[in-house]
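Have a look at the structure below, then the notes.
FYI, the numbering just counts along the sequence from 1. These numbers come from the heavy atoms of this one structure, side chains and all, not from hydrogens, waters or symmetry mates.
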Amino acid sequence: MPDIDEVLKTHILKQTDFTALIGRRFYFDELPKDTKYPAVVCIEISDVANHSHDGESDHAQPVKQFSVYADTKKQAENVARKLKSILSDYCGDMEGLFIQYITKLNEISGKWNVSSDGLLQKHTVDIEYQIDYTRSE
């Protein structure tokens, strides 16, 4: 069965209008040192398994946060807008994994101080999604 992280990454990076904005700068867990901007980092916020009287369910609902990092606010907003058009309200086959529904839960924009004096800043947009799918079929 496909791994949800690899499914998401493959699906997102297949969107040529998205890769035109970020190239292949899509990462998991942390932004590599000296990364060029814009870039996107995906982290897992929660992955609590569903249970019934029969034990753990194959139905999964992980929450993932996609953080957009960019040099300007407009650049961050453009990347975030495109990412939302790819993921928000998605349902159906995604790279061989059936996605029941992707729900946008939250979105926060901000600035990130790159230098200790606060003069060099990067702009961020964090978008959280709950991804409903079945782990095995």
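With sequence neighbours excluded, the residues forming a side chain to side chain contact (heavy atoms under 4.5 Å, CB included) with Lys74 are Thr72, Asn78, listed by chain and number. Among residues two or more places apart in sequence or in another chain, the side chain to side chain contact (heavy atoms under 4.5 Å, CB included) test is passed with Ile102 by Leu87, Tyr90, Met94, Ile99, Tyr129, Ile131. For Ala76, the side chain to side chain contact (heavy atoms under 4.5 Å, CB included) partners at least two apart in sequence or on another chain are Val68, Ala70, His123, Val125. Residues passing the side chain to side chain donor-acceptor pair (under 3.5 Å) test with Glu95, sequence neighbours excluded: Lys14. With sequence neighbours excluded, the residues satisfying side chain to side chain donor-acceptor pair (under 3.5 Å) with Lys82 are Asp17, Ser85. Listed by chain and residue number, nothing satisfies the salt bridge (Lys or Arg N to Asp or Glu O under 4.0 Å) test with Asp93 (two or more places apart in sequence, or in another chain). Listed by chain and residue number, nothing satisfies the side chain to side chain donor-acceptor pair (under 3.5 Å) test with Asn106 (two or more places apart in sequence, or in another chain). Qualifying salt bridge (Lys or Arg N to Asp or Glu O under 4.0 Å) partners for Asp132, counting only residues two or more places apart in sequence or in other chains: none. Residues satisfying the ring-ring contact (aromatic ring centres under 6.0 Å, His included) test with Tyr101, not counting sequence neighbours, are none. With sequence neighbours excluded, the residues forming a side chain to side chain donor-acceptor pair (under 3.5 Å) with Lys84 are Glu107, listed by chain and number. By the salt bridge (Lys or Arg N to Asp or Glu O under 4.0 Å) test, Lys64 pairs with Asp5, Glu44, sequence neighbours left out.
For Thr35 (side chain) and Pro32 (main-chain N/O), a donor-acceptor pair under 3.5 Å exists by modelled atom type.
The shortest side-chain heavy-atom distance between Tyr27 and Cys42 does not fall under the 4.5 Å cut-off. At a threshold of 4.5 Å between non-hydrogen side-chain atoms, the residues Leu21 and Thr19 do not count as touching. Two residues are said to be in side-chain contact when any heavy atoms from C-beta on lie closer than 4.5 Å; Phe28 and Lys9 meet this criterion. Side-chain contact between Tyr69 and Val40 is absent, with no heavy-atom pair separated by less than 4.5 Å. Within the 4.5 Å cutoff, side-chain heavy atoms of His59 are placed close to those of Gln100. Residues Tyr37 and Leu31 form a side-chain contact, since some pair of their non-hydrogen atoms from C-beta on lies under 4.5 Å apart.
Here the shortest heavy-atom pairing between Asp71 and Gln75 reads N-OE1, 2.9 Å.
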Using the rule given for side chain to side chain contact (heavy atoms under 4.5 Å, CB included), can you reason through Asp126 versus Ser67, listing the C-alpha separation, both sets of side-chain angles and the distance that settles it, and then say yes or no?
CA-CA 4 Å; Asp126 298 320; Ser67 297; 2.6 Å; yes

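Applying the salt bridge (charged side-chain N to carboxylate O under 4.0 Å, His left out) test to residues at least two apart or on different chains, none of the pairs has a partner in residues 20-32.
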